[in-house]
There are 2 protein chains.
Amino acid sequence: MRILLVDDEKKITTVLKAYLQQEGFQVSTAINGLIALTMFKENPFDLLILDLMLPGMSGTKICSEIRKISSVPIIMLTAKVEEEDRIQGLSIGADDYITKPFSPREVVARVRAVLRRTNNETSPLADVISYDNGLTIDNIQHEIRLNDQEILLTPTEFKILGALAKHPGRVLSRGQLVEIVQGHDFDGDDRVIDAHIKKIRQKIETTPSNPQIIMTVYGIGYKFYPSAGG
Amino acid sequence: MRILLVDDEKKITTVLKAYLQQEGFQVSTAINGLIALTMFKENPFDLLILDLMLPGMSGTKICSEIRKISSVPIIMLTAKVEEEDRIQGLSIGADDYITKPFSPREVVARVRAVLRRTNNETSPLADVISYDNGLTIDNIQHEIRLNDQEILLTPTEFKILGALAKHPGRVLSRGQLVEIVQGHDFDGDDRVIDAHIKKIRQKIETTPSNPQIIMTVYGIGYKFYPSAGG
DNA sequence: TACATTTTTGATGGGAGCTTGAAAACTAAT
DNA sequence: ATTAGTTTTCAAGCTCCCATCAAAAATGTA
């Protein structure tokens with residue numbers, strides 16, 4: 001995986017490059033927009049990390065230039081917390097944004113997330129999905145049906161079930177689920193998830209004490225079983 | 001969870017320490033950077049809380065020194081909001097920032113959030129690996145399959161098998177395996193590994209008493225045989 | 001072969017993790 | 001302020017996992 005990192009602050013590029021390389025990524029750096037553009041046109045990259053504030057050509061400008069020729073995933077580094085910047089960056093075509101100051105670790109995590117997301121979206125998820133276990137998740141009407149019987153879920157329960165069902169079989173830890181449902185700055189206990197899972201099971205499992213749809217992975221988290229047989 | 005709290009204001013360390021301890025964290029304190037560094041080198045900590053303004057060595061300096069030897073999560077305490085601009089450029093490497101004045105509750109919340117985030121980091125291992133012996137290790141679904149038959153392993157068993165399979169043919173001593181599985185600060189018997197190996201063999205070997213996948217290297221440890229023939 | 005060392009195996013107590021129900025804290029609307 | 005619905009916390013009970021021990025088997029060596 002090749003990453004192009006564009007920032008004029010050498011300290012940032014050095015640290016980030018080191019972290020990303022340690023994670024097995026090939027990293028090239030550019031200190032301004034023009035260099036970045038030429039580099040991108042001449043070499044294939046799998047992901048771009050762009051500072052919003054750059055000398056010469058701004059990050060947003062580069063972003064839109066790139067978007068004319070490629071759909072490569074882009075992560076924006078924004079200096080200000082202002083909401084406008086986020087919207088601006090995203091509306092132009094960035095896949096994620098990170099506000100400074102940030103930790104290198106967070107950047108690595110977001111890079112992984114974006115790459116995973118973009119790679120998986122080869123089969124764009126439909127708005128209504130039905131699984132072999134009889135469950136139907138309707139993201140448009142925002143409702144769940146089990147064998148054509150409507151099930152009423154609270155917003156949180158819907159999010160959790162949706163997150164698990166989005167990647168059938170994949171284990172999600174309580175921490176991951178908390179972040180999906182409550183966001184990064186939740187000051188509570190991860191065990192909340194257990195309570196929600198309990199509620200969901202009571203509503204969708206025929207035998208909640210012996211679940212067939214949302215399975216527990218001891219010591220790790222929960223996963224969604226899409227097939228009927230178990 | 002052990003936390004190292006570095007601040008020269010005794011009032012702050014006292015209050016924060018009390019709050020964090022009440023939440024079940026083990027808290028040590030240091031009043032300057034040099035002490036903090038030596039403490040960190042001699043004892044294992046799971047998280048650092050650093051004041052940006054410290055006598056002698058500054059918080060940013062400590063941060064970068066620590067980053068050279070460890071990727072431990074770091075939370076920075078910054079004195080004024082006005083300095084945000086400087087922080088943005090200078091102090092990359094911390095995982096979160098809290099500006100004074102802050103409430104102890106907020107610090108506790110951020111500590112939890114950072115720990116949750118860092119613990120969630122998935123290993124940079126490949127997601128799914130299959131071997132000639134018919135074994136598949138699926139790190140996403142967190143499950144093992146032997147010829148497409150699902151095998152249920154406990155977390156510890158999963159870690160051990162994963163560690164051995166990561167470097168096929170390479171011998172890992174019990175000490176190394178203990179460190180991978182239980183961490184650096186385990187004061188128990190290395191022979192625990194034997195018990196886990198036994199369990200794993202019962203689950204994945206056709207003839208556990210004559211293992212073909214996890215082989216014993218007498219006097220040294222265990223190794224993983226990836227090929228079918230043995 | 002005989003001996004010492006190392007590994008395997010089975011059993012067990014303690015502990016960690018999960019589930020569950022109930023109550024408390026929040027939210028949003030009346 | 002009251003109420004209903006939702007989210008979070010807490011404690012009790014339960015299941016399952018793990019570290020330890022001792023006996024038996026296997027391995028390497030003299």
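Chain naming here is simple, since letters A, B, ... match the order of the sequence lines and numbering starts at 1 in each.
- Among residues two or more places apart in sequence or in another chain, the ring-ring contact (aromatic ring centres under 6.0 Å, His included) test is passed with A:His142 by A:Phe158.
- Side-chain N/O atoms of A:Thr136 and A:Ser130 include a donor and acceptor closer than 3.5 Å.
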Stepwise side chain to side chain contact (heavy atoms under 4.5 Å, CB included) check, B:Ile151 with B:Glu143: CA-CA 7 Å; B:Ile151 307 257; B:Glu143 76 182 27; over 6 Å; no
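- Along DNA chain C, the nucleotide nearest to B:Gln202 and the one nearest to B:Arg174 differ in position, and the one closer to the 5' end is contacted by B:Arg174.
- C:dA22 atom C1' lies 16 Å from atom CG of A:Asp194, rounded to whole Å.
- In this entry the distance linking CE of A:Met215 with P of D:dT15 reads 17 Å, nearest Å.
- Between B:Ile200 atom CD1 and C:dT9 atom C1' the separation is 15 Å, expressed in whole Å.
- B:Asn32 places a side-chain N or O within 3.5 Å of a backbone atom of B:Ile35 that can act as its donor or acceptor partner.
- Checking A:Gly221 against B:Ile220, the closest nucleotide of DNA chain C that is more toward the 5' end is the one next to B:Ile220.
- Aromatic rings of A:Phe224 and A:Tyr131 (six-membered ring for Trp) have centroids within the 6.0 Å cut-off, being under it.
- Rounded to whole angstrom, the span from the CG atom of A:Asn210 across to the P atom of D:dT15 amounts to 13 Å.
- C:dT8 atom C1' lies 15 Å from atom CD1 of B:Ile193, rounded to whole Å.
- Look at CZ on A:Arg201: it is 16 Å from C1' on C:dG21, rounded to the nearest Å.
- Taking atom CZ of B:Arg112 as the reference point, atom P of D:dT8 lies 13 Å away to the nearest angstrom.
- For C:dT19, neither phosphate oxygen OP1 nor OP2 lies less than 4.0 angstrom from any side-chain nitrogen or oxygen of A:Ser209.
- Here C:dT6 presents its P atom at 18 Å from CD1 of B:Ile197, a figure rounded to the nearest Å.
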Sugar-phosphate atoms are those with a prime plus P, OP1 and OP2; base atoms are the rest. Using that split, label each nucleotide of nucleotides 17-30 of chain D B, S or - for protein heavy atoms under 4.0 Å, 5' to 3'. SSBS------BS--
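- Taking CD1 of A:Ile160 as the start and OG1 of A:Thr154 as the end, the distance is 8.0 Å to the nearest 0.5 Å.
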Would you list the atom pairs, donor with acceptor, under 3.5 Å between side chains in residues 174-181 of chain B and any protein atom, with sequence neighbours excluded?
| unit_1 | atom_1 | unit_2 | atom_2 | d |
| --- | --- | --- | --- | --- |
| B:Arg174 | NE | B:Asp194 | OD1 | 2.6 |
| B:Arg174 | NH2 | B:Tyr222 | OH | 3.2 |
| B:Gln176 | OE1 | B:Ser173 | N | 2.9 |
| B:Gln176 | OE1 | B:Ser173 | OG | 3.4 |
| B:Glu179 | OE2 | B:His184 | ND1 | 3.2 |

